[in-house]
**Q** 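I'd like to ask some things about the structure below.
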Amino acid sequence: MPVLMKPAVRKGKSMTSTLFAPTHRIRIKADKDAENPRLNFEQTANVITVDNREYIDIDEDFGPLADQWSELRSRHNACEAMRIFERYARMIHGAVVLLEYPSPDGSRAIWYAMPEALNLAYAPEGREAYGMQILEAERAEYRTWARGEAVGYVIEHMTMWVSPDLDDIRTSWEVVESCWGFFDLEFAQEEGQRALDALTPESVEGAAEVDEADEGTPDPRVAQVPEEVWMAVVSGPGHLKNVVAATRATDPDWDVSTLIGEVVMTVVETMRAIEAREPR
C-alpha cells in the first residue's frame, strides 16, 4: 500500500480536491516519429542495397567497397555479383559479410563491416563471430524501424481526487517521464522499469510532499490496508460488495468493518486537515 502523503490542494470553481495514494505505471507505446537508425547513430556496418532501382537505399553511401561493387554489378547478374563480392570482401579485405535475401518483400542487400571498424577488444569469441553479431544487430534495428515497430516507454502517475464531502472520486493518469527511439521491446521495458525504480515521491512533478515529521513513516492504518481493499472502500458506499470481495480475496481473516473504518477515518482526518489550512 502506498505511503499516505500530505495532500496537495487544487482550487477550482466547484470543489477543492485532495491528492492521495499515488501510484505509477509504465506503458510501452509505438514511436511513430522514430528516426531511421542508419542516419542517427554511428554505425559499424556498411550496407549495399542491391535492388536499388525498386527500393530506397538502406545506406546512401555504400561504403569503402562501393566501387568494387559497382564494377561487379556491371559485369554479373545480382545473385552472382553478391556471391563474388562476399568472397572478395572476406579474402582480400578481411571484412565480415552478411548477405540478405528478404522474403517475400524487400530489397536484397549486402551488410559488411571492415576489420578496422570492429572493436576487437570486445570480441573474445573471434572477429568473425563478433562481426556477425554487430551486423545482425544493426540489421534488426533497421528492420524494426522499416516495419514501423519502434517503441518508447511512458511513465504515468495516477492521481485520485476526492471531493470534500467524499461523494465524488475521480482518477487521471499524468505523464511523468518518457523516452523514445527503442528498436527492441524488451530493452525498452527494462529501461522503463529502471526509470520507474529510480523515481521517488519528491522527484515526481505534481506529487504531494511528505510531511517532514512523518517522512519515511507510513500511516499506521493505511500501511495495513491492502491496496485492493483501499480502492474498493473509497469508491463509495455503493461498492460495499466489492469491499467484502476484495477483503476476503486478500486475507479471509480481515474484519471488513474494521478495514472500512480505518480507511474512512484516514480520509476524514485528511479532509479536516485541509479545511483547517484553507482560508475562510
Side-chain angles (χ1 to χ4, degrees), residues 1-10 12 15-34 144-145 147-163 166 168-211 214-219 221-236 238-239 241-243 245-251 254 259-260 262-264 266-267 270-271 274:
M1 182 66 201
V3 175
L4 184 68
M5 298 180 179
K6 183 174 70 177
V9 179
R10 294 186 180 180
M15 64 181 290
T16 299
S17 299
T18 304
L19 171 64
F20 66 98
T23 57
H24 296 80
R25 70 180 182 186
I26 302 173
R27 297 181 64 198
I28 302 297
K29 303 182 67 175
D31 186 355
K32 299 180 180 179
D33 298 320
T144 298
W145 172 82
R147 291 193 299 261
E149 297 176 356
V151 297
Y153 70 77
V154 178
I155 298 178
E156 295 176 324
H157 174 241
M158 187 187 78
T159 303
M160 179 175 289
W161 303 96
V162 182
S163 65
L166 303 180
D168 185 18
I169 299 175
R170 293 180 293 173
T171 59
S172 63
W173 290 96
E174 302 175 0
V175 176
V176 174
E177 180 179 334
S178 63
C179 188
W180 305 93
F182 291 92
F183 301 102
D184 182 274
L185 177 60
E186 183 176 348
F187 183 58
Q189 293 172 332
E190 291 175 354
E191 289 298 299
Q193 187 61 52
R194 289 193 188 96
L196 180 61
D197 293 342
L199 287 177
T200 62
E202 293 82 0
S203 68
V204 179
E205 182 178 357
E209 296 178 358
V210 180
D211 278 323
D214 299 329
E215 186 172 359
T217 304
D219 184 282
R221 290 190 303 272
V222 178
Q224 298 176 15
V225 181
E227 184 173 2
E228 295 81 0
V229 179
W230 170 275
M231 297 299 293
V233 173
V234 298
S235 295
H239 296 267
K241 291 183 179 180
N242 295 338
V243 177
T247 302
R248 290 177 176 173
T250 304
D251 189 340
W254 277 95
L259 286 176
I260 294 176
E262 290 175 348
V263 174
V264 171
T266 298
V267 175
T270 299
M271 299 310 304
I274 294 172

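Just so you know, residue 1 is the first one in the sequence shown, and it goes up from there.
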**Q** Testing the basics here: between G152 and W180, what is the closest heavy-atom pair and its distance to 0.1 Å?
**A** CA-CE3, 3.4 Å

**Q** Looking at every heavy atom in both V154 and S178, which two are closest together, and how far apart are they?
**A** CG2-CB, 4.1 Å

**Q** Distance check, rounded to the nearest 0.5 Å: R25 atom CZ versus E156 atom CD?
**A** 4.5 Å

**Q** Distance check, rounded to the nearest 0.5 Å: W145 atom CH2 versus D31 atom CG?
**A** 12.0 Å

**Q** Shortest non-hydrogen contact from L196 to I155?
**A** N-CD1, 3.5 Å

**Q** Between CD of E191 and CG of D184, what distance do you get to the nearest 0.5 Å?
**A** 10.5 Å

**Q** Indicate the atoms forming the closest heavy-atom contact of A195 with Y153, along with that distance.
**A** CB-OH, 3.5 Å

**Q** Supply the atom-to-atom distance I26 CD1 to Q193 CD, rounded to the nearest 0.5 angstrom.
**A** 4.0 Å

